[in-house]
Amino acid sequence: MNLSVLDWILWAGSFLGEVSLFSILIIRRRWREFPVFTIYMGFEAAWSMVLFAIYQYGSHVWYAQVYWSGALLDFALQLGVIWEIARIVMRPTGSWVRDARKQFILLGAAGILLAATLPWLVTPPAASLLDRLEVRGNLFTSLVICELIAVLTRTSKSLGLGWRNHVMALGNGLTAWAVAAILVDGLHGYLGAERYFTLLEHARMFVSLAALGYWMVQFWLEEPARQPLSPELRAYIEALHQRVKSNLDILDAHR
């Protein structure tokens, strides 16, 4: 199988970016707070190398089997990264903020159902049923990731939860990639898998490279030191905690 010069550059750039980001996460010890994201980057680098070797020296059948097997794990790790963001944002004190997990799970489940419905409204001009399922499957996964990020952002804002620098950088990069994936997969669904395939996939890879570069810079830098709580805010939090504890004791006494 032959690759163009641009294909070589994009593929090599993606691999080097994934290896570099994985190395930064290890060297700067970001893996302690982002273990799933670190595993995801390591998997992406290894998967890229395996796919490239099969593409160059293997068969179409082997490439398709390895690609789709890895794609399932890739999607699972993306979901894990989103859950990791939710865990960090919605557990600022080590425990989940009241109603945060329930709200995120309910809205996320509703969004996944919507994402499962929308691809079936698209009838891609594909040559076979398998090609149509491929286009719809790619669109579904892209919609799920983008929708879950939107739900996470909405939930955290409604609860007044802030995002620290590294978490915000991870969310921003993932959002940019997910939006690009929706646009590309949506156009594949409208145009079919064959028309403008190379052009659209190159656009997807350019966005992916931009996200990798952004992550490398952000995760290399240290987060600004957290400002200590003011005495007034600390007193307010302690008073609120005591009030909640008293209300729970009263409810337990009436049971």
Side-chain angles (χ1 to χ4, degrees), residues 1-31 34-58 60 62-78 80-82 84-85 134 138-139 141-142 145-146 149 165-188 193-221:
M1 304 181 191
N2 296 320
L3 292 173
S4 67
V5 175
L6 182 57
D7 289 327
W8 274 92
I9 293 173
L10 290 175
W11 208 327
S14 296
F15 174 71
L16 292 175
E18 290 154 0
V19 171
S20 299
L21 179 55
F22 177 76
S23 301
I24 289 172
L25 293 170
I26 298 297
I27 294 171
R28 303 292 281 180
R29 299 185 179 182
R30 311 303 185 210
W31 61 268
F34 302 94
V36 179
F37 182 56
T38 304
I39 293 171
Y40 179 51
M41 283 299 104
F43 165 77
E44 287 290 294
W47 192 34
S48 295
M49 184 170 57
V50 170
L51 285 177
F52 180 81
I54 296 175
Y55 189 89
Q56 285 295 102
Y57 307 108
H60 287 283
W62 270 103
Y63 183 87
Q65 291 177 345
V66 173
Y67 176 84
W68 287 111
S69 299
L72 294 175
L73 182 55
D74 179 86
F75 180 54
L77 286 171
Q78 289 179 43
V81 170
I82 293 175
E84 187 164 73
I85 296 174
E134 177 181 344
N138 287 335
L139 183 58
T141 56
S142 302
I145 298 302
C146 197
I149 295 172
N165 284 35
H166 289 158
V167 182
M168 183 176 295
L170 179 54
N172 289 341
L174 202 58
T175 299
W177 177 88
V179 170
I182 286 178
L183 293 175
V184 170
D185 292 328
L187 287 172
H188 281 323
E194 300 298 328
R195 293 179 63 190
Y196 304 109
F197 176 83
T198 302
L199 178 63
L200 292 174
E201 290 303 315
H202 284 171
R204 189 204 302 265
M205 294 183 74
F206 274 117
V207 175
S208 178
L209 283 173
L212 286 171
Y214 171 70
W215 282 332
M216 282 189 282
V217 172
Q218 293 299 318
F219 280 101
W220 180 263
L221 299 174

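One-based numbering along the sequence shown. Please read these numbers as outputs of a predicted model, since none were measured by experiment.
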Q: Name all residues meeting the side-chain contact (heavy atoms from CB on, under 4.5 Å) criterion together with A12; count only those two or more places apart in sequence or in a different chain, and write none if there are none.
A: none
Q | Value rounded to 0.5 Å, distance of CG in L21 from CD in Q218 | A | 11.5 Å
Q: Could you tell me the separation between the CZ atom of R29 and the OG1 atom of T38, rounded to the nearest 0.5 Å?
A: 13.5 Å
Q | Rounded distance (nearest 0.5 Å) linking atom CZ of F22 with atom CD1 of I27 | A | 10.0 Å
Q: Only counting residues at least two apart or in another chain, list the ones meeting ring-ring contact (aromatic ring centres under 6.0 Å, His included) with W31.
A: none
Q.
I need the full list of salt bridge (charged side-chain N to carboxylate O under 4.0 Å, His left out) pairs touching residues 45-58, with sequence neighbours left out, sorted by first then second residue.
A. none
Q. What pairs with F37 under ring-ring contact (aromatic ring centres under 6.0 Å, His included), at least two apart in sequence or on another chain?
A. W215, F219
Q) For the atom pair CE (M41) and OG (S23), what is the distance rounded to the nearest 0.5 Å? A) 12.0 Å
Q | Residues in side-chain contact (heavy atoms from CB on, under 4.5 Å) contact with V36, at least two apart in sequence or another chain | A | V81, E84
Could you tabulate the donor-acceptor pairs under 3.5 Å formed by side-chain atoms of residues 167-181, not counting sequence neighbours?
unit_1, atom_1, unit_2, atom_2, d
N172, ND2, M168, O, 3.3
N172, ND2, Y214, OH, 3.4
T175, OG1, G171, O, 2.7

Q: Check salt bridge (Lys or Arg N to Asp or Glu O under 4.0 Å) between E44 and all other residues, then give those that pass, not counting sequence neighbours.
A: none
**Q.** Nearest-0.5 Å distance that lies between atom CD1 in I24 and atom CD1 in I26
**A.** 11.5 Å
Q) Is a side-chain donor or acceptor of H166 paired with a backbone partner of L221 at a separation under 3.5 angstrom? A) yes
Q: Kindly write out the residues that satisfy side-chain contact (heavy atoms from CB on, under 4.5 Å) with Y67, not counting sequence neighbours, or none if the list is empty.
A: W47, L51, Y63
Q. How would you list all residue pairs meeting side chain to side chain donor-acceptor pair (under 3.5 Å) that involve residues 13-22, not counting sequence neighbours?
A. E18-S48
**Q.** Over 12 non-hydrogen atoms of neighbours within 6.0 angstrom of CH2 in W68
**A.** yes
Q | Partners passing ring-ring contact (aromatic ring centres under 6.0 Å, His included) against F206 (at least two apart in sequence or in another chain) | A | none
Q: To the nearest 0.5 Å, tell me how far H202 NE2 sits from L10 CG.
A: 5.5 Å
Q: Would you mind reporting whether W11 and F52 have side-chain heavy atoms less than 4.5 Å apart?
A: yes
Q) How would you list all residue pairs meeting salt bridge (charged side-chain N to carboxylate O under 4.0 Å, His left out) that involve residues 198-216, not counting sequence neighbours? A) D185-R204, E201-R204
Q) Which atoms form the tightest heavy-atom contact between Q56 and W8, and what is the distance? A) NE2-CZ2, 3.8 Å
Q | side-chain contact (heavy atoms from CB on, under 4.5 Å) against I182, all qualifying residues, sequence neighbours excluded | A | S142, L143, C146
